[in-house]
Amino acid sequence: MLESKRGFLFLAFAILSFLLYQAWQKDYAPKPIKTKQVEAANLASQSNSSEEQLITVITDLMKYKIDPVGGDLVYAETLNYNLELNDEAEKVVLFDYRDRVYQAKSALLGNGAPDNQLPRATYSTDKKVYRLDKGADGLLVPLRWQNADGITFSKNFTFKPGQYLIDMEYQINNQSENDRTFNFIAELLRDQKETGLEDKGALGMSPFLGVAYSPEAEVYEKMDFEDLAEEEINVSRQGGWVAFIQHYFVSSWIPQQDANVTINGKILANKQSRIQFLQPTISVPSKTTQSVKASLFVGPKLLEQLEEAAPGLNKTMDLSWVWWIGIPLYKLLNFFYGFLANWGLAIILVTVTVKTLLYPLSKKQYKSAHAMRKMQPKMQRLKERYGDDKQRFQQEMMKMYKEEGSNPFGGCLPMLLQFPIFIALYYVLFEAVELRHAPFFGWIQDLSVQDPYFVLPLLMGASMYLMQKMQPVSPNMDPMQQKMFQYLPVFFTVFMLFFPAGLVLYWLCNNLISIAQQKYVNYKIEKEEALGNTKKSKK
């Protein structure tokens, strides 16, 4: 029989089962079936350009470097995200060309195209350093190259203030006597080195590191490097995007959404990972100009900017199957932070909001628990009378429930509703870059990692112990279940030691509010009962 205490046991094992399932998924889940890779292009992973030849672009958010050979983005450094907490000297670097390979490449293929053979064309620019001026609407960085036939290729990058999305446009001015055709290709190339951001989560769980793309039917699919080595990617669709995902940050090439593209992904012979899209042939008649456009997102997983960049790109903020809860919770967190300016306080206010919304259901749970507590003497007498006849004991107990108007299952539904909310908040606090290095008060300077002194988990365990004491003791619970229930606060305390401090803060507040709500409901019921008894005595 599912009563309040069994409901708590169920919730504990549900959470544990979820985490074990996540670990199993990482190692043993079925691999996606892909068709054989079709080789689209062979762009050199390294150029011969020296540091002095690279084109530097500085915006309000990022510092980029563009290689004039091929016009690729080979360096992207964030200006607002420290690699380590409170260390301004070193920032998070995404694209890099120095002691590793992580680059965004784009090319035109075809007769006379700048990337049709190696070495690729070297573009010219007006200057070597571009800065986005304060108050400017945007920054245009033009690259130009002309072939021997008089065809001019302009590769233009546009950077906008406050945005991590870069617009890229090829303009092809064909002043030759012949019609020409070209293919546009964009790819992300990356080694398999860790980023330094792969801090382990609860129970040793690690954030995802690998490729992602948008097959037309599923909208979002991801593959780690091990999966990509086993099964290459080759899908076709209209629009979409390709991406590399790491903890808190993402890079993504986005084609024009009305263009038909072929998406390819594989592990190269040199162990580098590549994901790319190839567009159909572009016709450029003689004496005409044609253009092809794409966008590149490189930066933190900020949900609003991801939603604006491309359909489904917000899924790279990996909230798993609870995304439908996680996204509203994430937006609610941001809303509260907007006027509280403290993510810990925002988490507390989200908890209050969730508990308030669930109160009508929780009230039924609290009333059920109160009724169960009142029935304890009767239940004990039934146990003493029919203890050896379990079937009769169950029948008499159900009869008593009916007579008393009590529902033994009343405490389960709110717990079932809390489970996906707990999991959604786990993902939000694990994935939201806003929580990275976000302080609360005192010793908690980063809500995205565990409490360094374990104060919050211990307080959470104490609050759970108080909640346990408020639950009725069920005489039909077997000794093993009773013992497990007694150790539940200890189990959860140890469990929470390694969870992000923000998640433990949520669970602590959730428990404290539950205790306050339970006491309030008990007070109201006892007051009504006392008032009813007084009226009866007067009669």
Side-chain angles (χ1 to χ4, degrees), residues 59-62 64 76-82 91-92 94 104 132 135-139 158-168 197 207-208 212-214 219-220 222 239-257 293-347 349-350 353-354 421 424-438 447-448 500 502:
T59 72
D60 56 332
L61 300 177
M62 300 284 291
Y64 307 96
E77 176 185 345
T78 64
L79 300 182
N80 299 326
Y81 293 92
N82 300 336
K91 303 295 184 179
V92 172
L94 300 174
L132 178 62
D137 294 333
L139 172 64
T158 302
F159 304 84
K160 297 179 182 178
Q163 294 190 19
Y164 293 95
L165 188 68
I166 306 166
D167 293 329
M168 194 278 294
L197 304 174
F208 178 80
Y213 62 103
S214 56
V219 179
Y220 171 73
K222 64 181 182 180
W241 46 267
V242 297
F244 272 115
I245 303 177
Q246 63 186 66
H247 203 192
Y248 299 122
F249 298 92
V250 60
S251 65
S252 175
W253 270 117
I254 305 162
Q256 291 177 256
Q257 294 304 292
K293 299 178 180 179
S295 299
L296 174 67
F297 186 99
V298 52
K301 297 177 186 176
L302 299 176
L303 189 64
E304 185 176 345
Q305 292 204 26
L306 293 173
E307 288 176 337
E308 292 176 356
L313 192 60
N314 60 338
K315 294 293 185 69
T316 59
M317 184 180 173
D318 200 354
L319 300 179
S320 190
W321 61 276
V322 287
W323 61 268
W324 53 281
I325 301 177
I327 288 178
L329 287 174
Y330 171 87
K331 292 183 177 180
L332 190 61
L333 267 176
N334 277 269
F335 171 74
F336 288 140
Y337 177 80
F339 58 86
L340 293 172
N342 183 293
W343 287 106
L345 294 177
I347 290 171
L349 212 51
V350 166
T353 302
V354 170
I421 293 172
L425 269 172
Y426 169 81
Y427 277 114
V428 168
L429 298 178
F430 194 63
E431 281 287 315
V433 69
E434 294 90 341
L435 273 294
R436 181 178 181 265
H437 295 172
L447 286 164
S448 67

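For the numbers below, each heavy atom of this structure counts, side chains included, while hydrogens, waters and symmetry mates do not.
- Of all the heavy atoms in L319 and G326, the pair that sits closest is CD1-C, 3.7 Å.
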Practice task
Take L429 and L447, measure what side chain to side chain contact (heavy atoms under 4.5 Å, CB included) needs, and give me the verdict at the end.
Solution key: CA-CA 8 Å; L429 298 178; L447 286 164; over 6 Å; no
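- Side-chain contact between L313 and S252 is present, with heavy atoms from C-beta onward closer than 4.5 Å.
- Within 6.0 Å of CD in Q257 there are more than 12 heavy atoms belonging to other residues, nucleotides or ligands.
- Here F249 and Y81 bring their ring centres to under 6.0 angstrom of each other.
- Under the ring-ring contact (aromatic ring centres under 6.0 Å, His included) criterion, Y220 pairs with no residue at all, not counting sequence neighbours.
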Practice task
Kindly indicate, with the supporting measurements, whether the criterion side chain to side chain contact (heavy atoms under 4.5 Å, CB included) is fulfilled by N82 and K91.
Solution key: CA-CA 4 Å; N82 300 336; K91 303 295 184 179; 2.6 Å; yes
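- Between L79 and T59, the shortest heavy-atom contact is CD1-O, 3.4 Å.
- Taking every heavy atom of both residues into account, A438 and W343 meet most closely at CB-CD1, 3.5 Å.
- The shortest distance between side-chain heavy atoms of I254 and L165 falls below 4.5 Å.
- Between the CH2 atom of W323 and the CD1 atom of I325 there is a distance of 10.5 Å, given to the nearest 0.5 Å.
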Exercise for the section: Determine, stepwise, if the pair Y64 / F159 fulfils ring pair (Phe, Tyr, Trp, His ring centres under 6.0 Å). Expected result: CA-CA 10 Å; Y64 307 96; F159 304 84; 5.0 Å; yes
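- You'll find the side chain of L349 reaches within 4.5 Å of the side chain of L340, heavy atoms only.
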Exercise for the section: Check step by step if side chain to side chain contact (heavy atoms under 4.5 Å, CB included) holds for L435 and I347. Expected result: CA-CA 10 Å; L435 273 294; I347 290 171; 4.2 Å; yes
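- Around NZ of K293, the count of heavy atoms belonging to other residues, nucleotides or ligands within 6.0 Å does not exceed 12.
- Put simply, CG on D60 and CG on N80 are 8.0 Å apart, with the number rounded to the nearest 0.5 Å.
- Residues P255 and A294 approach most closely at CA-CB, 4.4 Å, considering heavy atoms.
- Side chains of L94 and Q246 form a contact here, defined as non-hydrogen atoms less than 4.5 Å apart.
- For the atom pair NZ of K331 and CG of L329, the computed distance is 12.0 Å after rounding to the nearest 0.5 Å.
- Atom-to-atom distance recorded for L303:CG and E434:CD is 8.5 Å, nearest 0.5 angstrom.
- Across all non-hydrogen atoms, the minimal contact from A104 to L296 is CB-CD2, 3.7 Å.
- Listed here is the closest heavy atom pair of S448 and H437: OG-N, 4.1 Å.
- Interatomic distance, OG1 of T158 versus CG of L132, reported as 11.0 Å (0.5 Å rounding).
- Residues meeting the side chain to side chain donor-acceptor pair (under 3.5 Å) test with S295, sequence neighbours left out: D167.
- Looking at Q163, its side chain never comes within 3.5 Å of a backbone N or O of L61 through a donor-acceptor pair.
- Ring planes of Y426 and F430: parallel class, angle under 30° (limits at 30 and 60°).
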Exercise for the section: Would you sort out whether R436 and V92 count as a side chain to side chain contact (heavy atoms under 4.5 Å, CB included), showing the intermediate values? Expected result: CA-CA 12 Å; R436 181 178 181 265; V92 172; 3.9 Å; yes
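- Taking 4.5 Å as the limit, some side-chain heavy atom of M62 sits within range of a side-chain heavy atom of T78.
- Rounded to the nearest 0.5 Å, atoms OH (Y213) and CH2 (W241) are 10.0 Å apart.
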